[in-house]
2 protein chains.
Amino acid sequence: MKKTLHETIRTDMEAAILSGALAAGERLPTEADLMEQYGCSRMTVNKAISALVAASLVERRKKAGSFVARPKMHSMVLDIPDLEAEVLQRRQRYAFHLLSREIRLADPQKEYEQQLSGGEALLVLTGLHLADGQPLAFEERSVSLAAVPDMAQQGFELISPGAWLLKHVPWTEAETRIAAVNAAPEVARHLDQDVGTACLYIERRTWRGEAGVTWVRQHFIGKDYDLIAHFGPARSGGAI
Amino acid sequence: MKKTLHETIRTDMEAAILSGALAAGERLPTEADLMEQYGCSRMTVNKAISALVAASLVERRKKAGSFVARPKMHSMVLDIPDLEAEVLQRRQRYAFHLLSREIRLADPQKEYEQQLSGGEALLVLTGLHLADGQPLAFEERSVSLAAVPDMAQQGFELISPGAWLLKHVPWTEAETRIAAVNAAPEVARHLDQDVGTACLYIERRTWRGEAGVTWVRQHFIGKDYDLIAHFGPARSGGAI
DNA sequence: CATGATTTAATGTATAGACATAAAAATCGA
DNA sequence: TCGATTTTTATGTCTATACATTAAATCATG
């Protein structure tokens, strides 16, 4: 693998930082120094350091120089599961089983539904994600038909609503809430677990620009599933 | 707020993408076009588009052009709690209560401890995070004294081990596993909950370069705590 | 008609220089 | 000595240009 000059500079600095040779808060060589050291123009050095800034490994202050940033621990990267892909990676058979399907107006009591609907009808679905026929997650989903009118025609025998949306709707923003709950009787029944079993509860709302697209709540069987978040350079593969 | 030219181009393109004016997969104007449109040099356009690529809003293919990327939903940003800060933000009083403290060699049975120790001793702590005196989380932590020899002298009456480490150790990489578990008797007792209560279980391992720094396992009371992950441009504040 | 060679249009990388800007450091004045 | 002013230094932005690279598009050929 051939590396470009600015990549070389970037990785050299990165290595120096990660190895501890350049500790947090320390100043790294000035652009002029690096320019000479690598025998290149300032723009090239600048590009390399800018990349480190974008990765928030480095902070720059005018006149003062560039400094190794102290890791913030506030923004880790969370691998969000594409359930089908993960189940297949486990060499299991994936299936989505639709439990219910309904088109109705938003419940005026429920704030989220009101926000989502945009005045129009909602498609409300419940279903199960299955791995080798065993329930893995129970899902309740509301979809804004204002944002995704085509979805009313879908059957979801072959593809899960989430996968369909991912393929057909260009969303731009999403927020996920992660919590632990004891399985309620209905959830426990669907997941084939005892009432009270610890479940990883994931709630995600997705927008396209200002308009809500979908709002989904999933219960995962706690002992069978977990999420992985990662901070740092060595981006690993997905969760198991 | 004055914007630089490449920022202007960047935000213009970003707005076009997020508004849907440029849909996923569509091609955006060539660098030559934008060059003319903004009356600037190609380097400036290139910098703007490169930023969008770094933010994975855009993908580029040679000869073909730059295209709006389809959101991947594989990498959301997870707000990792600084517990003390969050408790204070809730206008509650924060405290850490040390339950046990021990210096010992790694258990040869436990792979993680072996990996962490680097042959030297471990500092093993357990304690409670309290909000207004109420238990919020139960924590078990192992610290590599090879990586952090100073920690053996700490008392942790005033500061939690996590906060101390964050302040004193320049780590470079961390991995967090998130799961849901039913509270075991010991955990339930410490958290003042019934046995079996759903707990959010967070396990984090932290490295500096190749060397392990700390390995921590936390149990949060499910109904009192959750995590927020976010994808998209409108970076909001922390979780509640 | 398919397949392989050639052209060409786009991005990728890099240079050398110019001027702008902010803040630390040095200088000067009261 | 302290505060205000000036200088200096390092980054920030941008230009105009050059050549490299790659993959799509086109064209030639069997």
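Residue numbering restarts at 1 for every chain, and letters A, B, ... go by the order of the sequence lines.
The distance between atom CG of B:L28 and atom P of C:dT11, rounded to the nearest whole Å, is 9 Å. One interatomic measurement links the two molecules: CD of A:E31 to P of C:dT15, which rounds to 13 Å at whole-angstrom precision. For A:L34 and D:dA10, the CG to P distance is 12 Å, given to the nearest whole Å. Rounded to a whole Å, the OH atom of B:Y38 is 13 Å from the P atom of D:dT15. Here D:dT11 presents its C1' atom at 11 Å from NZ of A:K63, a figure rounded to the nearest Å. Rounded to a whole Å, the CG atom of A:D33 is 13 Å from the P atom of D:dT9. Distance CZ (A:R27) to P (D:dT11): 6 Å, rounded to an integer number of Å. For the pair B:K62 NZ and D:dC19 P, the computed distance is 17 Å after rounding to whole Å.
In this model, the phosphate group of C:dG12 is not approached by any side-chain N or O of B:R61 to a distance below 4.0 Å at OP1 or OP2. Taking only side-chain nitrogens and oxygens, A:R60 comes nearer than 4.0 Å to OP1 or OP2 of D:dG12. Taking side-chain N and O atoms only, A:S66 has a distance below 4.0 Å to OP1 or OP2 of D:dT11. A close approach under 4.0 Å does occur between a side-chain nitrogen or oxygen of B:T44 and OP1 or OP2 of D:dT15.
Using a 4.0 Å heavy-atom cutoff across all strands shown, A:L5 reaches sugar-phosphate atoms only and no base atom.
Side-chain proximity of B:R42 to C:dA18, D:dA18, C:dT15: nearest is D:dA18. Relative to the side chain of B:T4, the nucleotides C:dT11, D:dT13, D:dT15 differ in distance, and D:dT13 lies closest. With C:dG12, D:dG12, D:dC14 as the candidates, the nucleotide lying closest to the side chain of B:N46 is C:dG12. Side-chain proximity of B:M43 to the nucleotides D:dC14, D:dT11, D:dT15 is greatest for D:dT15.
Shortest non-hydrogen contact noted between A:D226 and A:L200 is CA-CD2, 4.4 Å.
Sequence order on DNA chain D of the closest nucleotides to B:M35 and B:A64 puts B:M35 first from the 5' end.
Between the side chains of B:E84 and B:H129, not a single donor N or O lies within less than 3.5 Å of an accepting N or O.
Inter-residue side-chain proximity for B:N46 and B:S50 is flagged as met; some heavy-atom pair is nearer than 4.5 Å.
The cationic atom of A:R217 (NZ for Lys, CZ for Arg) does not lie both less than 6.0 Å from the six-membered ring centre of A:Y201 and within 45° of the ring axis.
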A:I228 and B:T176: CA distance, side-chain angles, deciding distance, side chain to side chain contact (heavy atoms under 4.5 Å, CB included) verdict: CA-CA 6 Å; A:I228 304 281; B:T176 300; over 6 Å; no
